[in-house]
Engineer: 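To start, I am sharing the structure in question, which I have written as structure tokens.
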Amino acid sequence: MQHKLNLYNTLTRKKELFEPLHAPFVGMYVCGPTVYGEPHLGHARSAVTFDVLYRYLKHLGYKVRYVRNITDVGHLENDADEGEDKIQKKAKLNHLEPMEVAQYYRNIYQQEMAKLNVLSPDIEPRASGHIIEQIELIKEILANDLAYEVNGSVYFDVQAYDKAHNYGKLSGRIIEDLLNNTRTLEGQDEKRSPLDFALWKKASPTHIMRWPSPWSDGFPGWHLECSAMSRKYLGTNFDIHGGGLDLMFPHHECEIAQNQASHDHSDGARYWIHNNMITLNGQKMGKSLGNFINLSELFSGNHDLLEMKYSPMTIRFFILQAHYRSTLDFSNEALQAARKGYTKLMNGLRVLEKLKYTEEAAEPDEKLNVDLLKLSEDCFRGLNDDLNTAKTIASLFNLLKKINSLYLGQVPMASLARGTFDTIRETYQKLVLDVLGLQEEPMGDAEEILELVLNFYKEAKEAKAYDKVDIIRAELKKQGIVIKDLKSGIDWAYEE
RNA sequence: GGUAACGUGGCCGAGUGGCUAGGCUCAGCUCUGCAAAAGCUGCUACAGCGGUUCGAAUCCGCUCGUUACCUCCA
């Protein structure tokens with residue numbers, strides 16, 4: 001087993017050997033989507049990145065508990081506290097119950113992620129289902145004198161916290177700099193400092209999403225849910241916390257502060273991992289910029305910027321061909337190249353299924369065997385080096401060249417030792433299918449292919465080649481399809 | 001303004017001191033009824049300038065350019 005996984009930890013700004021607290025168990029928490037809009041390419045990148053991490057950890061033999069939350073409450077439209085909840089805003093527009101909006105987009109998110117072959121997390125908790133836990137957490141922070149209540153709202157006291165702890169240690173921010181550069185925003189009269197953030201907000205009379213609490217009828221603050229839910233399901237000290245780079249500050253910074261300010265006095269996670277953004281013409285693709293492409297648009301090709309539709313596996317491969325900490329630039333050209341690369345890997349899978357090791361007349365070429373084993377190792381070396389899937393894919397292509405040569409007989413099978421052959425086959429199949437999570441997509445249109453067969457059937461009939469006619473009928477019957485010779489022509493139906 | 005990154009060949013994208021990244025594109029060859037696939041070969045690189053070093057895409061400095069975070073965002 002290849003047990004030398006190194007991960008870049010944002011907290012220490014270094015690549016570190018990954019060692020779980022309680023091996024073989026691994027706890028992993030990833031910030032999921034706020035469900036008020038359609039999932040886009042950016043969501044896909046985050047989900048795919050951590051999906052591969054999840055898959056690889058499992059491949060290494062760890063028993064992973066993967067928690068990815070659904071945020072269905074509490075994100076305000078802007079920093080002015082008069083701002084509306086995003087989900088509430090959407091609900092009002094469409095005369096829906098807020099939970100209807102959240103459920104609607106949650107369903108779409110899960111469907112699209114399934115298309116991308118992203119495994120479901122082990123627990124997918126919703127913020128709205130953990131109000132009690134969040135209230136308890138606020139009580140703890142209040143008890144530690146690191147929060148204060150004003151008019152039914154509770155705020156985190158960043159400066160008080162910073163005296164004993166280091167606020168900004170994750171994102172590398174210095175509190176004086178933050179203070180010097182804060183903008184003056186409206187509606188912040190209640191806060192003692194502009195850096196303070198809400199733990200609980202009293203709901204205005206028009207705010208529909210509200211829950212009772214010791215302080216007011218209201219709703220929890222923006223960062224609280226992840227602290228509360230990660231603690232509930234993974235404990236106060238767990239292994240990995242992931243999310244998009246844009247969540248590093250303030251979201252994850254505040255999360256750490258909340259964790260430290262609670263009774264637990266811990267950062268929560270030990271390894272903080274952030275995936276970089278997808279860019280469009282060199283600019284970040286984001287909801288607020290309005291330049292994002294939905295996954296459904298990508299899959300259907302229905303978008304002005306798209307020259308064609310791109311399949312889910314093309315997207316997945318596109319994401320994996322870059323390292324997760326680099327920005328990845330979207331373009332039609334890049335996606336079309338990704339499509340071909342993906343196809344190439346899939347063809348390799350098919351070749352491997354057909355390849356058989358032949359025992360007789362084996363005269364191993366020692367150098368070749370050594371080279372092939374090294375290529376197999378390289379595939380893993382990429383993953384171990386901070387989940388460098390780009391490296392791994394490059395190594396897989398190198399391996400694939402040899403596999404194709406074997407298939408064509410350019411390299412005789414007899415020159416391989418049995419163990420070498422088994423190793424390269426297992427490496428290729430395991431990595432492509434299980435770890436990278438790529439899968440074959442049905443190519444072509446089945447009905448059109450059937451149409452083609454029916455044409456041959458028709459020709460055979462006309463030529464009175466009844467042996468061929470019988471074969472076609474029999475083979476299609478195996479597929480559950482019967483041919484119907486009608487006066488009007490040839491048709492088919494499902495076998496009843 | 002503060003902070004942090006980045007700038008690699010026609011395109012995408014790895015690579016942190018010396019060893020071919022890889023994919024896509026393009027050209028040639030092998031194979032082939034034609035083609036495709038596959039294999040082989042080739043092509044155009046490390047923003048600029050200076051420094052450290054036997055040796056730098058890789059370390060340091062400066063210049064130019066781009067971006068991100070500092071406000072909801074994966």
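Sequence lines set the chain letters: A, B, ... in the order given, protein chains first and strands last, and positions in each chain run from 1.
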Engineer: Tell whether K340(A) reaches the base of rC24(B) with its side chain through a donor-acceptor pair below 3.5 angstrom.
Structural biologist: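 Between rC24(B) and K340(A), which were checked side chain against base, a qualifying N/O pair under 3.5 Å is absent.
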Engineer: Looking at every strand, decide which applies to H40(A) at a 4.0 Å heavy-atom threshold: base, sugar-phosphate, or nothing.
Structural biologist: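 Result for H40(A) = base.
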Engineer: Counting the atoms with a prime plus P, OP1 and OP2 as sugar-phosphate, which does A390(A) contact under 4.0 Å by heavy atoms, base, sugar-phosphate, or nothing?
Structural biologist: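 Base contact.
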Engineer: For N388(A) and rG15(B), is the shortest distance between a side-chain N/O and OP1 or OP2 below 4.0 Å?
Structural biologist: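 So the side-chain polar atoms of N388(A) do come within 4.0 Å of the phosphate oxygens OP1 or OP2 of rG15(B), strictly under.
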Engineer: rC31(B) and rU41(B): how far apart are their C1' atoms, nearest whole angstrom?
Structural biologist: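 It works out to 15 Å between them.
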Engineer: Could you tell me whether F197(A) and H251(A) have their ring centroids closer than 6.0 angstrom?
Structural biologist: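 Between H251(A) and F197(A), which both carry aromatic rings, the centre distance is not below 6.0 Å.
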Engineer: Do the charged groups of D51(A) and R316(A) touch, with an N to O distance under 4.0 Å?
Structural biologist: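 Yes.
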Engineer: Between rU58(B) and rU25(B), how far apart are the two P atoms, rounded to whole Å?
Structural biologist: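 One P to the other, the span is 31 Å.
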Engineer: Would Y54(A) and H59(A) count as a close aromatic pair, with their ring centres under 6.0 Å?
Structural biologist: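 So the answer is no for these two rings.
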Engineer: Select one nucleotide: of rA74(B), rA38(B), rG13(B), the one nearest the side-chain heavy atoms of L408(A).
Structural biologist: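 Closest of the options to the side chain of L408(A): rA38(B).
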Engineer: Can the ring centroids of F18(A) and Y271(A) be said to lie less than 6.0 angstrom from one another?
Structural biologist: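 Close enough - the centres of the two rings lie under 6.0 Å apart.
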Engineer: Of the options rC72(B), rA74(B), rG23(B), whose atoms approach the side-chain atoms of F397(A) most closely?
Structural biologist: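 Taking heavy atoms from C-beta onward, the closest nucleotide is rG23(B).
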